[in-house]
Amino acid sequence: MASPPEPLQVNAQRAALLSPPFLAYHYRIPDTPPAAGFLPGMRVAVPLGNTVRAAVLLPQDAGWDTAAGTALTPPEGIALKPVAWPLERVPLFSAAHLDVLRQLALRQGMLLGQVLASVLPAGLKVADIRYRLQGIPKLRSLRIRDVAAADAALRQTLSRAWEAGAMQPEAAFRETQFCWLSQDPPWPVRPAAVNQLKILEYLWEHGPVPVPVLLAALGDGVRESLRRLVDVGLVRQGLVPPGQQEEEMDPACVLAGAPPPPTLNEEQAAALASLSEALHRWQGETRLLYGVTGSGKTTVYLALARECLRAGRSVVLLAPEIALACNLRSAAAQAFPEAELIFHHGSQTPARREAQFRKLAGRGEGDAPVIVVGARSALFLPLHDLGLIVLDEEHDASFKQEERLPYQAKELGYVMARRFGALLLLGSATPDIKSFHAAQTGALPMAGLTRRHGGAQLPAIEFVDIKGLSSFDQLLAPQTMAMVEETVRRGEQAIILLNRRGYAPAMYCQDCGHVLRCPQCQIGLTYHKGRERMLCHYCGEGVPWPCLCPQCGGISFLPLGEGTQRMEEVLTRHLGRDTTVLRLDRDAARRPGRLEEILSAFARKEAQVLVGTQMLSKGHDFPDVTQVVVADADMGLNLPDFRAAERTFQLLMQVSGRAGRGDKPGRVAIQTRDASHYCFEHLKTHDYQGFFEEELARRKKWRYPPFVKLGLVRVSFPAEWEGHAAALAALAGRSREAGREHGVQVMGPAPAPLPMLQGRKRFHLLFKGEDWSRLRAVFAALKPLQDDTLRLTLDLDPLDMM
DNA sequence: AGCACGCCGACT
DNA sequence: GTCGGCGTGCTC
């Protein structure tokens, strides 16, 4: 009688590769080191072809196949290779983390290996390491390749060393040199030094970059020019970009705001009590903290964090951008001087991210909980004792990452909270319509803070009609200007919001009527003074100014519209030399450390007026600011985006919240051409609830979120592609067909609001349906039409409709 | 990502 | 004839 078939390779396990092809291949678990040393979530070195690569061991569960890219059992007829050696002693990823990342991979239609690779710092993705050895004669260190090729005897020896802790993986710190600008433009370089100028422009656009990245972008030929720039001091070079060192960050952070008072008022205490109850259930719940600007949400976050730490569980505090995370960090550092605080954001050096990752993964059961403060990517740090996740300014679009590994931090936080039994707390003065709707229907329990801390009043809001104003001559109406003057005269400060950087957003040829446009994007070029360039705000490219009209060769251009640079100039001229005007926008804050410099100079009252884009609308606390001016409130309102009103309302509420935070009352002047817009009506009375109700009714009427799931398919192809008409027709046909089949409403393809970017024409298709899976199904029907020429991407719940 | 294999152009 | 360019395809 034939014996039952032998079970396939009992000692086989899948490992997800951290480099292409990112599949989870099957490997035999070797006898040395003992099998107990190989645990799921651990990084291991595996042979692949003739090389050795890093991979992560997966649990031996079914149900992982889709994300793994391979079946649970290995294909027949393949001789399994053994795992070469573990890359660490304790798994980097816990089972819970691996599971969360698997869900993320499934949702995004990516391989688990791809997700793991995008989450890990560069140094943890390479298998190219050495092991340092102790106590073995004539063998101080061994390359992984040699470990993989070792015979049984050597493996025995190594195994004993590994078990005894006498074999240590040596971190492959290949320190990369960074370079960055030391000066704002204009740069003292002769115009003929094209390579030097290329480098300066590149660094201005990209900020601090690793030297190899710069050389790859501009060609190896610029090496000499870079050396020259470093020699003359225009460019700095070093291991750590500025703003990364702990000590450099601290002063600006501490200056950015007073620490929140340690005692809670009645409202805060009530909010804390209900949140605390949810926290201590450890059931993975989500809560909304809705509190008006200045009501002390941070105080509540910190009090809740204290309870979580006391219970022995770690805390993650997230802010939408680094500058705000920085404020949270100094508040947390003051509140918990004894706790270990990790500050994390995406633009740290790989070495530092690696150290943080390792440190957190290496924490054991009995270790004290930690507090992590950072931007969205901090969610990926391996905290296995997670108890609380706080997302401050939860309505902010920055919590969604669009490129590489697309994810929405709010959603990921929700999944993680459930998996870890942690509390997810979303905080905002102007919650996302979707969140507030969930709160109103009871799906998302809410705690509220309605009063400003310390009895401060919400500022008085008035509207200034600028219908008749010619935009170039009068950026501010006379009465607005008078308010600013008065504020300065009283020794107080003013903030002017103008959501458009540069000097003039268009140059109009007076001879032929042509407007200078970017040849790659067809976007109007913006004049940037000082740099003397016309710049494209979408691709960063530009042409030197002055130039001839490309259409008629004329030389007389009329600047049109307004930008922050010109606002700064106008105010400086008008207010006279006793008043200092500062500007804060992406251009002013390009150079590392400049953002902090500008904010702290304003906080020290070295300037009376701060002009800027929405960068200055959030979080910052300047007690002497009593006047806020919004130069053009209509700007964002007429964008082709169903969220235009919500966004404008949120921005104006936030920036209004900057006025009157101290003991002096604040005033807000909003310049508009249409003060009757419903967005402004509710703003006047600081009535979020009223705005919400009106906006929600509109969303319902026009079938937009939260009443429907929205998907945006971005279609793009080279501008000169001849087959585009047929392709668009095919997209229209197929999507309608699939839409009918799955009950999804399909609109388009229509030219995108920005119809061309970087040499590619852009079209949009809009899907509306009951659930995400239906939208995905319709998109799946379009996927076969995609190739190198025609690019298609599906953005579920798009935040950027342009 | 690496590394093989393979199919065409300029050389000791 | 061979050395070597990098296009295509595979890796448990």
Side-chain angles (χ1 to χ4, degrees), chain A residues 5-33 35 37-87 92-93 98 101-102 105 110-130 143-150 155 169 171-174 176 210 212-213 215-217 219-220 350 354 403-405 786-789:
Chain A
E6 284 289 309
L8 279 165
Q9 301 281 353
V10 183
N11 266 345
Q13 218 165 312
R14 274 183 302 184
L17 292 162
L18 295 174
S19 53
F22 295 114
L23 293 162
Y25 282 146
H26 302 86
Y27 289 92
R28 189 162 56 72
I29 300 300
D31 303 329
T32 48
F38 292 97
L39 297 167
M42 176 179 271
R43 289 179 318 128
V44 290
V46 294
L48 185 72
N50 297 338
T51 58
V52 179
R53 310 279 200 90
V56 172
L57 282 178
L58 300 189
Q60 281 171 302
D61 296 350
W64 284 68
D65 298 7
T66 313
T70 54
L72 187 59
T73 46
E76 267 178 70
I78 282 190
L80 298 194
K81 295 179 179 177
V83 175
W85 208 264
L87 287 170
L92 206 51
F93 296 98
L98 224 44
L101 295 173
R102 179 186 64 110
M110 291 167 79
L111 290 166
L112 179 56
Q114 256 170 318
V115 171
L116 290 167
S118 24
V119 161
L120 281 171
L124 296 176
K125 290 189 263 187
V126 291
D128 181 26
I129 64 158
R130 305 178 76 89
R143 284 178 317 184
I144 187 77
R145 279 197 82 94
D146 300 325
V147 175
R155 282 192 75 98
F173 270 133
R174 280 152 297 112
T176 43
V213 169
L215 294 177
D220 256 346
E354 187 177 331
E403 67 278 348
R404 229 160 61 103
L405 198 201
Q786 185 183 24
D787 55 31
D788 291 342
T789 319

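A note on names: the letters A, B, ... follow the listed sequences, proteins ahead of strands, and every chain is numbered from 1. These values consider heavy atoms only, across backbone and side chains, with no hydrogens, waters or symmetry-generated copies.
Residues forming a salt bridge (Lys or Arg N to Asp or Glu O under 4.0 Å) with A:Arg145 (at least two apart in sequence, or on another chain): none. Partners of A:Asp65 under the salt bridge (Lys or Arg N to Asp or Glu O under 4.0 Å) rule, at least two apart in sequence or in another chain, are A:Arg14. Residues passing the side-chain contact (heavy atoms from CB on, under 4.5 Å) test with A:Leu23 are A:Pro21, A:Tyr25, A:Thr70, A:Leu111, sequence neighbours excluded. With sequence neighbours excluded, the residues that form a side-chain contact (heavy atoms from CB on, under 4.5 Å) with A:Pro59 are A:Pro40, A:Asp61, A:Trp64, A:Leu98. In terms of the side-chain contact (heavy atoms from CB on, under 4.5 Å) criterion, residue partners of A:Pro30 (sequence neighbours excluded) are, by chain and number, A:Phe38, A:Pro82, A:Val83, A:Arg155. By the salt bridge (Lys or Arg N to Asp or Glu O under 4.0 Å) test, A:Arg53 pairs with no residue at all, sequence neighbours left out. For A:Thr789, the side-chain contact (heavy atoms from CB on, under 4.5 Å) partners two or more places apart in sequence, or in a different chain, are A:Pro718, A:Trp721, A:Asp787.
The salt bridge (charged side-chain N to carboxylate O under 4.0 Å, His left out) contacts involving residues 40-49 of chain A comprise A:Arg43-A:Glu88, where partners must be two or more places apart or lie in separate chains.
Remark: A:Met42 CE to A:Leu87 CG distance equals 9.5 Å, nearest 0.5 Å.
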Polar atoms only, N or O, under 3.5 Å: list the protein pairs with nucleotides 6-12 of chain C and their distances.
residue: C:dT11; atom: O3'; partner: A:Gly49; partner atom: N; Å: 3.4
residue: C:dC12; atom: OP2; partner: A:Lys81; partner atom: NZ; Å: 2.6
residue: C:dC12; atom: O3'; partner: A:His26; partner atom: O; Å: 2.8
residue: C:dC12; atom: O3'; partner: A:Lys81; partner atom: N; Å: 3.0
residue: C:dC12; atom: O2; partner: A:His26; partner atom: N; Å: 3.1
residue: C:dC12; atom: O2; partner: A:His26; partner atom: ND1; Å: 2.7

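First and last contacts of DNA chain B with chain A, using any nucleotide atom under 4.0 Å from a protein heavy atom and ordered 5' to 3', fall at B:dA1 to B:dA4.
Across every non-hydrogen atom of A:Pro350 and A:Pro121, the tightest pair is O-CB, 4.1 Å.
Where pairing requires Watson-Crick or G-U contacts shorter than 3.5 Å, the helical stems of DNA chain C with at least three consecutive pairs are B:1-11 with C:1-11.
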